[in-house]
Amino acid sequence: MPEVTVTFPDGSQSGFPVGTTFLDIVSSIDEAFSRHAVVAKVDGQLVDLTRKLEHDCTVEFLTFDSDEGKEVYWHSASHVMADAVKMLFPRAKLGIGPAIRDGFYYDFDVEEPFMPEDLERIEATMRKIIQADLPFLRSEIPKSNAIQIFTDLEENYKLELLEDIHDEKVPIYRHGNFTDLCLGPHLASTGALKAVKLLSIAGAYWRGDERQKMLQRIYGTAYETQEQLDAHLERLEEAQKRDHRKLGKELDLFSFHEQAAGPGLAYWHPKGATIRREIEDFWKDEHVKRGYQLVTTPHIAKSDLWNTSGHYSFFRENMFTLDVEDQEYVLKPMNCPGHILIYQTKMHSYRDLPIRYAELGTVYRYERSGTLVGMFRVRGFTQDDAHIFCTPDQVLDEITGVLDLAIYMLKTFGYQDYNMYLSVREPEHKDQYMGDDEQWEQAEDALAEALNSRELSFKRMEGEAIFYGPKIDIMLLDALGRPRQGPTIQFDFNEPSRFDVVYIGTDGQPHQVVMVHRTVLGSMERFIGGLVEHYAGAFPIWLSPIQAKILPVTSYQNEYAERVEDELKQHSLRVEADLRSEKLGFKIREAQLEKVPYMLVVGKREEASQAVAVRLRSGEDLGPTPLKDFIDRIKAEIDQKL
Ligand SMILES: [Zn+2]
Ligand SMILES: [Zn+2]
């Protein structure tokens, strides 16, 4: 057999005969490591470990610890689940079964919906398939053969998928008696799966299209060890406890009225609105301090405006329209055209720039009802929006300023870890974007330079930019390590040219402004929904709707409790005296459930010494404290946004 050269990530090279499998290669290098190898990356492409060496190449072996390794692991588990379902429900038809974040799913067309007890049976059958350690076998066959195979199997959804494939040969994978149409790659064999767990059942339309048939989706996950699986299940349980839809109801923060008022529209209750007001005040103060000017724009505008901005052509399907006096209006989906109108009421010289208009602007976007998720995906929401109009020379300072503001605000909310992405043009198709080459290069450089100057590491996403400008996206990692959409900084070469937004330069001539859209929090809905989960409902004192509850030991202290309440309210503290004739223990438990940061117990002794006995929601007891000292303490904490 002729030998070929394999180059490893550390630069070392070895010769192997053509036809050696990647599994053989990794085993020959490190037997112990090979048991953890999930997939090979050959010249940048993921391939099965069982594939054979054909030519000189670079090879990296990935384990479950990598994102790509997890994807292959979980996707392989979806094949095993589908196999088990077919064994138990032979008439089930297969949809698709991808890996997702934290696991996998597979969709099935079945006559009767699955029941929770079915999951246990399917799981037990999966364990048998895993124990049998069946190899995943890949073959590339002529499309006509594949059509024959899936016709014989009566897998009409697979046949539909085949219709969209225009290659002569198609890949199929088999293990045991199970066959699937799939690109792969997969694990070497089913035995590589260790701990599997099926989690839930949900309805899902075929191809996500509500006009198509509703299939049954089973979600599951898999890990290399039972300990890892248990830890994951614990995280899931914690995530469920923190679900903002559940806590939002329990803590009386917000509600949705799908039947009475329509889906995807949030109603903020007094407590939720209090949190929101605190955040909005903080946001406005920080922006004004940093040279932004607050503006307010109307919720509707004639469609002419959206024709000029271009949204009417490329954003039409997400816009709500209404007819007024034979004129079509649009519920604003964006705040930018309004800010441009304000900018254009005057002629600006380069000396006036930068101009930064900020608005907590409520916008409406038509999202399909099936895609709405609590506060995370709604139809009406308030963006913490701002538009910067500046000269090309000012771009770097402006972007750096936005980054500083964003990081400062996020840290205040306890978000310490981020993933940053810089979306730029597709290098081979630079002509398919609005704006000229020079503008793009300058903008892309400024974004990268600003990130570098703040030592923020980021991932460069080639080809991910929208057609009108490059952008930075910052994903926050919340208290459970889950990514959440955070700030975006987006250049726009479209609107300034369509609206002809200019400034007078040093040469006395008009020049097109550089326009940057940016949000820090995203929207109040999504951000506060995320905060509920991040804090598990236990908001820091400055945000807590009720900052302290005063709890008299007996009704004899009711009057003193009310005096304490009044005194604290004089200091603009949000407090409540609980004067109900309930036992003290009951009132304490209730205040803890409401996640009130301070409980001030007042008995005979406290009354006599003008004090309060301070308890924290954690259960910690700070003991009797003079009322004046408590006021100093809580006010200092609020000032520091603790
Ligand atoms: Zn597959
Ligand atoms: Zn905008």
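Whatever order the structure lists ligands and atoms in, that order sets their numbers, starting from 1.
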Give the C-alpha distance, both sets of side-chain angles, the deciding distance and a yes or no for ring-ring contact (aromatic ring centres under 6.0 Å, His included) between Y503 and H511.
-> CA-CA 5 Å; Y503 66 95; H511 297 269; 5.7 Å; yes

State whether H339 contributes an N/O/S atom found under 2.8 Å from the Zn ion (ligand 2).
-> no

Would you name the N/O/S atom of H517 that lies closest to the Zn ion (ligand 2)?
-> ND1

To the nearest 10°, what's the angle at the Zn ion (ligand 1) between atoms NE2 (H79) and SG (C182)?
-> 130°

For H186 and D48, work out which heavy atoms get closest and say how close.
-> N-OD1, 2.7 Å

W283 versus A358, closest heavy-atom pair with distance | CH2-CB, 3.7 Å

Classify the side-chain pair Y157/D107 by whether it contains a donor and acceptor separated by less than 3.5 Å.
-> no

